[in-house]
Amino acid sequence: MMIRLLALVAALLLPMAAARANTTPPPLVGDTFEISRLSESVYRTSDESSGNSHDQDTIVERVVAVTDAGVELEYDVPRSITVEGRGGNWQLPARVLRPSNGALQLLNADELAGRVDAWLERAGFTRAHCGRHIFTWNVFSIDCDPQSVMPMIEMFNMGPPNIDSGSMYGLPFALAPMPMTRQRSGTDGATYTVDLVVDPDAVRRARAESDIVAAEVTGRELTLDAALRAHKDDNVTGTIRVTFAVDTAGHISRRTTVTNLEITGPDGVRENRTTTETLERRRI
């Protein structure tokens, strides 16, 4: 997690605000949770190309304070990470405010900014590398802005704090929020699902931005306008199904998001891609 991996699926899965119904118990100072994220993607094209990817990360969330302004949380790597492993991560620990309404706010930006130069030096980079992309086993962005930790934290956002049948839920790559449906309820909790339709324009833009990054790491020049023109005739269809497992206290213990995309380019080549992301949250 020391450098943010650029991936279309990450953008697909960042949740938006949802309508709230039932009220869950307030958090308590000291509450600590481990949140694991597993993302698996497979694709196949009509010209017989295929591939897959696998990405797994874990983060620890701790309640630091509960105030009138909201809940202060600290995010950090698991304790099992070695000192050497932590040395490669300047973005954590990060302290944020989760207000009752509105987006997360970074509280220790100055502290994060103070770690960047030491991290760059250890990695063999300078400030001139900030904002650039490199290729190792994958394409990475060299982030030096403390605010870059926020999208990473959002990737571990389980979902809205209160869920009920009929509550609206949406994702940035979906055309519109849709109501949740209760699928099951029992003594161990309940399960809710929501089905969304992918926004084709959002996918086209994400593909164009991915092309720009690929051009950068291979030494080519490509403008955003040119990249967008190259994808303007892509025929994009897709669905996203999100399933929430909610315990008896109303807390989300698992969120599974399955995204199915079919993209046909102007050359007639069709790509089918399925991405499954699973978030699990457990008290430690």
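Numbers here are sequence positions counted from 1.
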Taking C-beta and beyond as the side chain, do Asp55 and Glu277 meet within less than 4.5 Å on heavy atoms? no

Closest contact, heavy atoms only, Thr248 versus Asp188: CG2-C, 3.7 Å

Would you say CZ of Arg281 has more than 12 non-hydrogen atoms from neighbouring residues, nucleotides or ligands within 6.0 angstrom? yes

Is it the case that Thr67 and Glu72 place a side-chain donor and acceptor less than 3.5 Å from each other? no

Starting at CZ of Phe125, measure out to CD1 of Ile142 and round the result to the nearest 0.5 Å. 4.0 Å

Is any NZ, NE, NH1 or NH2 atom of the basic residue among Arg282 and Glu34 found under 4.0 Å from an Asp or Glu carboxylate oxygen of the other? yes

Sub-4.5 Å side-chain heavy-atom contact between Asp145 and Asp143: no

Validation row: Met180, Pro160 side chains within 4.5 angstrom (heavy atoms): yes

Are Leu92 and Ile59 side-chain neighbours, meaning at least one heavy-atom pair lies under 4.5 Å? yes

Give the C-alpha distance, both sets of side-chain angles, the deciding distance and a yes or no for ring pair (Phe, Tyr, Trp, His ring centres under 6.0 Å) between Tyr169 and Phe244. CA-CA 11 Å; Tyr169 184 80; Phe244 298 93; 5.2 Å; yes

If I compare all heavy atoms of Val96 with all of Leu104, which pair ends up nearest, and what's the gap? CG2-CD2, 4.2 Å

Check: Thr45/Asp47 side-chain N/O donor and acceptor closer than 3.5 Å: yes

On a heavy-atom basis, which atom in Pro93 and which in Leu112 lie closest, and how many Å separate them? O-CD1, 3.6 Å

Any side-chain heavy atom of Asp57 within less than 4.5 Å of one from Phe156? yes

Should the heavy atoms of other residues, nucleotides or ligands under 6.0 Å from CD of Glu221 be counted, would the total exceed 12? no

Has Met178 got more than 12 heavy atoms of other residues, nucleotides or ligands less than 6.0 Å from its CE? no

Quick one, Leu106 and Asn108 - any side-chain contact, counting heavy atoms below 4.5 Å? yes

Flag the pair Glu111 and Arg95 as a salt bridge only when some basic side-chain nitrogen lies within less than 4.0 angstrom of an acidic carboxylate oxygen. no

Looking at every heavy atom in both Val194 and Pro179, which two are closest together, and how far apart are they? CG2-O, 3.7 Å

Would you find more than 12 non-hydrogen atoms of other residues, nucleotides or ligands less than 6.0 Å from Asp110 atom CG? no

Side-chain touch Thr243/Gln183, heavy atoms, less than 4.5 angstrom: no

